[in-house]
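Here is the structure we will look at.
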Amino acid sequence: MTAPAPSPAPAPAPASGPASASPGRRLLGHRLFWPAVILVALLLINPVFTDGFFRVELKDGHLYGSLIDIVRFGAPLILVALGMTLVIATRGIDLSVGSVVAISGALACLRISDLGDQNSAGGVLAAAGVALALSVALGAWNGLLVAGVGVQPIIATLILMVAGRGLAQLITDGQIITVNSAPYKLIGGGYWLTLPFGIVIVLAVLALTAFLTRRLALGLLIESVGGNAEASRLAGIGARGVILTVYTFCALCAGIAGLMISSNVSSADGNNAGLWIELDAILAVVIGGTPLSGGRFSLGGTVLGALIIQTLTTTIYSIGVPPETTLLFKALVVTVVCLVQSPAFRAKVFHRRRRPAGASPVAEEKVRVSA
């Protein structure tokens with residue numbers, strides 16, 4: 001008696017998930033796609049109001065143009081946002097970066113104004129070094145309060161946000177300190193290799209940050225601490241050391257930004273320098289796809305987010321929005337940007353949620369509610 005022929009094997013189920021998605025769907029799902037689209041859209045609006053907006057010219061060995069200006073004026077925000085990205089990745093926040101910006105610029109300008117020769121490169125470097133050293137100390141103070149004492153990040157940094165602004169005005173004696181130093185002017189207003197020197201600084205800091213967080217284990221440690229600090233500690237990761245490091249780095253970035261801002265205008269204003277830059281930095285980080293809940297971060301997304309903020313500011317000036325409504329207009333546009341980025345909002349508005357074949361909307365709603 002012959003054995004029955006084996007039944008044919010069932011056909012494999014079609015693959016599902018990101019690997020089986022079409023290239024177009026994968027592109028739409030990429031976390032940098034929508035920030036890039038928003039940035040391009042903002043850039044395309046400007047030529048309507050500004051002739052030659054995309055023109056970049058080389059004059060006297062320097063690059064000039066509206067696009068160059070956007071990156072140059074956005075350089076301090078990019079720096080602050082890079083530091084803020086790593087802090088937020090650990091499920092923290094730093095509200096004191098604006099005050100650190102003011103303190104750094106005030107201290108550097110004060111020391112330069114006391115120099116016998118303000119064009120002395122050594123004296124300017126020493127003044128910048130002292131300002132950055134104080135910035136690092138302030139960042140370490142924030143880190144100690146958060147990681148060592150256990151103070152909530154928003155409270156710990158709010159303390160320095162308030163006290164730091166007072167310290168900056170104490171350094172300047174409530175006055176605007178002006179300097180006339182060519183070496184110091186180079187930091188925020190000079191050029192090197194045809195590019196504004198501020199852009200070169202940003203590229204160097206970005207490259208160093210990317211190397212430390214993506215080529216070394218530091219990035220994984222930061223994401224691990226942000227995902228679950230207690231589990232990271234039990235796994236042998238020095239969570240407190242990681243948190244201290246990111247707050248120190250964030251303050252260092254803010255200190256460099258303070259040097260750039262004060263250098264660009266050759267003066268230090270302890271009251272207005274860096275005012276509200278912490279809010280723009282947090283917004284740039286969020287627009288770039290880094291969640292406030294921590295656990296992951298995107299440096300490229302943060303840079304895109306900062307450029308969006310600066311391009312939006314340029315667009316507001318180009319359109320001619322009245323100064324008294326600038327902040328309201330900016331808030332409305334930012335709200336739209338955040339909504340467009342939200343997958344849940346897009347799914348709800350454009351009806352992109354897919355139902356299984358044959359499933360009724362009522363049945364789907366019952367399953368969703370029960371889940």
*So, Thr302 versus Thr85: side-chain donor-acceptor pair below 3.5 Å or not?*
yes
*Would you mind reporting whether Leu283 and Ile287 have side-chain heavy atoms less than 4.5 Å apart?*
yes
Show me, pair by pair, the donor-acceptor contacts under 3.5 angstrom made by side chains of residues 148-164, not counting sequence neighbours?
| residue | atom | partner | partner atom | Å |
| --- | --- | --- | --- | --- |
| Thr157 | OG1 | Leu95 | N | 3.1 |
| Thr157 | OG1 | Pro153 | O | 2.8 |

*With sequence neighbours excluded, what pairs up with Arg296 under the salt bridge (Lys or Arg N to Asp or Glu O under 4.0 Å) test?*
none
For residues 43-52, tabulate all N or O donor-acceptor pairs below 3.5 Å that involve a side-chain atom, not counting sequence neighbours.
| residue | atom | partner | partner atom | Å |
| --- | --- | --- | --- | --- |
| Asn46 | OD1 | Ser318 | OG | 3.2 |
| Asn46 | ND2 | Leu42 | O | 2.8 |
| Asn46 | ND2 | Thr315 | OG1 | 2.9 |
| Thr50 | OG1 | Ser318 | OG | 3.4 |

*Test item: Asn119 and Pro183 side chains (from C-beta on) under 4.5 Å apart, heavy atoms*: yes
*Qualifying ring pair (Phe, Tyr, Trp, His ring centres under 6.0 Å) pairs with a residue from residues 173-205, counting only residues at least two apart or across chains*: His62-Tyr191, Tyr64-Tyr191
_From Val285, Leu77, Leu312, residue fulfilling side-chain contact (heavy atoms from CB on, under 4.5 Å) relative to Asp280_ = Leu77
Which pairs would a plain distance check flag for residues 200-212, meaning a side-chain donor or acceptor within less than 3.5 Å of a matching protein atom at least two apart in sequence or in another chain?
| residue | atom | partner | partner atom | Å |
| --- | --- | --- | --- | --- |
| Thr209 | OG1 | Val205 | O | 2.7 |

*Applying side-chain hydrogen bond (donor to acceptor under 3.5 Å, both in side chains), name anything that partners Ser224, two or more places apart in sequence or on another chain.*
Ser232
*Are Phe297 and Ile88 side-chain neighbours, meaning at least one heavy-atom pair lies under 4.5 Å?*
no
_When you compare the side chain of Leu67 with that of Phe53, does any pair of heavy atoms fall below 4.5 Å?_
yes
*Go through the structure and list residues passing side-chain hydrogen bond (donor to acceptor under 3.5 Å, both in side chains) with Ser96, not counting sequence neighbours.*
Asp94, Asn142
*Does a side-chain heavy-atom distance below 4.5 Å link Pro76 with Val101?*
no
*Side-chain contact test, heavy atoms from C-beta onward, threshold under 4.5 Å: evaluate it for Arg165 versus Leu275 and give yes or no.*
yes
Side-chain donor-acceptor contacts of residues 102-111 below 3.5 Å, not counting sequence neighbours, with atom names and distances?
| residue | atom | partner | partner atom | Å |
| --- | --- | --- | --- | --- |
| Ser104 | OG | Gly255 | O | 2.8 |

_Residue pairs, two or more places apart or on separate chains, that pass ring pair (Phe, Tyr, Trp, His ring centres under 6.0 Å) and touch residues 240-292_ = none
*Of all residues at least two apart in sequence or in a different chain, which pass the salt bridge (Lys or Arg N to Asp or Glu O under 4.0 Å) check with Arg72?*
Asp69
*asked:* Could you report the tightest heavy-atom contact between Gly226 and Arg91, atom names first, then the distance?
replied: O-NH2, 3.1 Å
_Test of understanding: with side-chain hydrogen bond (donor to acceptor under 3.5 Å, both in side chains), list the residues that count as partners of Asn228, not counting sequence neighbours._
none
*Cluster partners of Leu244, using ILVMFWY side-chain heavy atoms under 4.5 angstrom, listed by chain and number?*
Leu144
